[in-house]
Amino acid sequence: MSVPQPDPLVPSRLDRRLGTVDAVVIGLGSMIGAGIFTVLSPAAAVAGFGLLIGLAIAAAVAFCNATSSAQLAARYPESGGSYVYGRERLGAGWGYLAGWSFVVGKTASCAAMALTFGSYIGTGSTRLLAAGAVIALTSVNLLGVQKSAWLTRVLVAVVLVVLVVVVVVGLMSISPVADRDTSVRGGVGGVLEAAALLFFAFAGYARIATLGEEVRDPRRTIPRAIPIALGITLAVYLVVSVTALVSVGPTGLAASATPLLEVAELGPDGAVAIVRVGAAVGSLGVLMSLLLGVSRTGFAMASGGDLPRWLAAVHPRRRVPHRAELAVALVVVVVVLVADVRDAIGFSSFTVLTYYAIANAASWTLSPAERRWPRVLSAVGLVSCIVLAFSLPPASLLLGIGVLALGAVIWFARRGRIGGPPARA
């Protein structure tokens, strides 16, 4: 009996310049910064010390999703991530819904990271600073993906140094009051809600898969890079989260929009300035990778006819989807002028969990010869995404359902029914 072979490598419309280290760094740049500087606050508010359990749950779900995404990316090394996987394995409608979820949800994530940058850097001009960051990073991305990868390396290195400073200051300032702080405990529901919010911080590894046409040897590079980036991020998050909880306490974290500044304020004056710079740099790294991922998914959807086809244009010299990048930047600038960070995080978590649910369902359909990890991980990932999505705050849940419904209506109006047989297996 012949063993099914993967499709020949899809000819790249973009520039394949990224190696394994580049892909890992882009994944780290997409994750390290988001949860550490932003999500600890709402997670502590709903779960208290239970946010550590929520962190473990979020990481476990992210691992299941990562295995599904990695083996699908090896099978379909194209730009677009789960938009491509859902289309190829489940049907065009499900691919569209995955792409719609990603673009809409990650646009909210872009806004959240831009606003985080503005919050840590200055007061009173947060939104203008956020808009300026989006414009500046889009300009870098337009120069080519290799320039983006190089800058992301610098940003990640700076953030890791700053987080070491936070950990040292926090461990030297452990508070007995923080150890006894029991005023913020949310039970099982609070832990699940914290896990859903913290998942926002782990979702960056998808950026590696969405760069499928800009990675050298994607069938080998992407499955290796995703677990490495996820493992490093989990280790960093765990150390910093424990430090913040035992030094400031969940109440102190929950009350602040800039939770790691609460830790820094326990140390010398210079620590606060260092954390401000680190948070700004970290959020910029995440924002840069998010802008890359959203624009590439938009590019793939435009190429497939699910978004206006003029967005599928590739710059003749730099070989980047310049129109898609400019369109994404414009939308994000509009959102940062009106959005709230915490609302953006909750909404983004719901839509991205939907995106990964579709990725897990697509992974379930892979044959044994196409699989790199046990099939049960796809099932666990699918069920976990659904549970976490419906554990989010009601406002985030209702808004997310409404936006997905709007996407479905657009699909019905343009193409007909959702679902159908797989386009290609």
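Worth knowing before you read on, the calculation uses all heavy atoms, side chains too, and leaves out hydrogens, waters and symmetry mates.
In this structure a side-chain-to-backbone donor-acceptor pair under 3.5 Å is missing from R372 to Q71. Of the possible donor and acceptor atoms, one in the side chain of T351 sits under 3.5 Å from a partner among the backbone N and O of F347. Side chain of R276 to backbone of Y120: a donor-acceptor contact under 3.5 angstrom is found. In this structure, S303 contributes its side chain and A312 its backbone to no donor-acceptor pair below 3.5 Å. Without hydrogens or angle criteria, Y76 side chain to E88 main chain gives no donor-acceptor distance under 3.5 Å. At least one donor-acceptor pair closer than 3.5 Å links the side chain of R371 to the backbone N or O of S363. S256 contributes no side-chain N or O that, together with a main-chain N or O of G252, makes up a donor-acceptor pair within less than 3.5 Å. Remark: the backbone N or O of A196 is paired with a side-chain donor or acceptor of S349 at under 3.5 angstrom.
Taking every heavy atom of both residues into account, S41 and L253 meet most closely at OG-O, 3.1 Å. Closest heavy-atom contact between L245 and G48: CD2-O, 4.2 Å. The two atoms that bring L382 and A357 nearest to each other are CD1-O, 3.3 Å, heavy atoms only. Residue A70 comes nearest to W373 through the heavy atom pair CB-CZ3, 3.8 Å, listed as atom of the first residue, atom of the second, then distance. Across all their heavy atoms, A229 and V24 have their closest contact at CB-O, 3.9 Å. Minimum heavy-atom separation, G86 to I358: CA-CG2, 4.2 Å.
Tested against Y355, the residues W100, F102, Y96 include a single ring-ring contact (aromatic ring centres under 6.0 Å, His included) partner, F102. Partner of S295 under the side-chain contact (heavy atoms from CB on, under 4.5 Å) criterion, out of V103, T138, V328: V328 alone. Partner V332 forms a side-chain contact (heavy atoms from CB on, under 4.5 Å) with one of V335, V336, V334 and no other, that one being V336. None of L160, V167, L28 except one satisfies the side-chain contact (heavy atoms from CB on, under 4.5 Å) rule with V236; the exception is L160.
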List the atom pairs, with distances to 0.1 Å, where a side-chain N or O of residues 392-406 and a protein N or O form a donor-acceptor pair under 3.5 Å, not counting sequence neighbours.
none

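Under 3.5 Å, the side chains of N360 and S378 contain no donor-acceptor pair of N or O atoms. S101 and T354 share no donor-acceptor pair across their side chains, judged by distance under 3.5 Å alone. No hydrogens or angles considered: nothing links the side chains of Y85 and R75 as a donor-acceptor pair under 3.5 Å. Between the side chains of S391 and E193, not a single donor N or O lies within less than 3.5 Å of an accepting N or O.
Under the 4.5 Å side-chain criterion, counting only non-hydrogen atoms from C-beta, L291 is not in contact with E325. The closest side-chain heavy-atom distance from V61 to F199 is below 4.5 Å. At a threshold of 4.5 Å between non-hydrogen side-chain atoms, the residues L163 and F37 count as touching. Counting only heavy atoms from C-beta outward, the side chains of V277 and V162 never approach each other to under 4.5 Å.
Within the structure, salt bridge (charged side-chain N to carboxylate O under 4.0 Å, His left out) contacts touching residues 129-138 (residues at least two apart or in different chains) do not occur.
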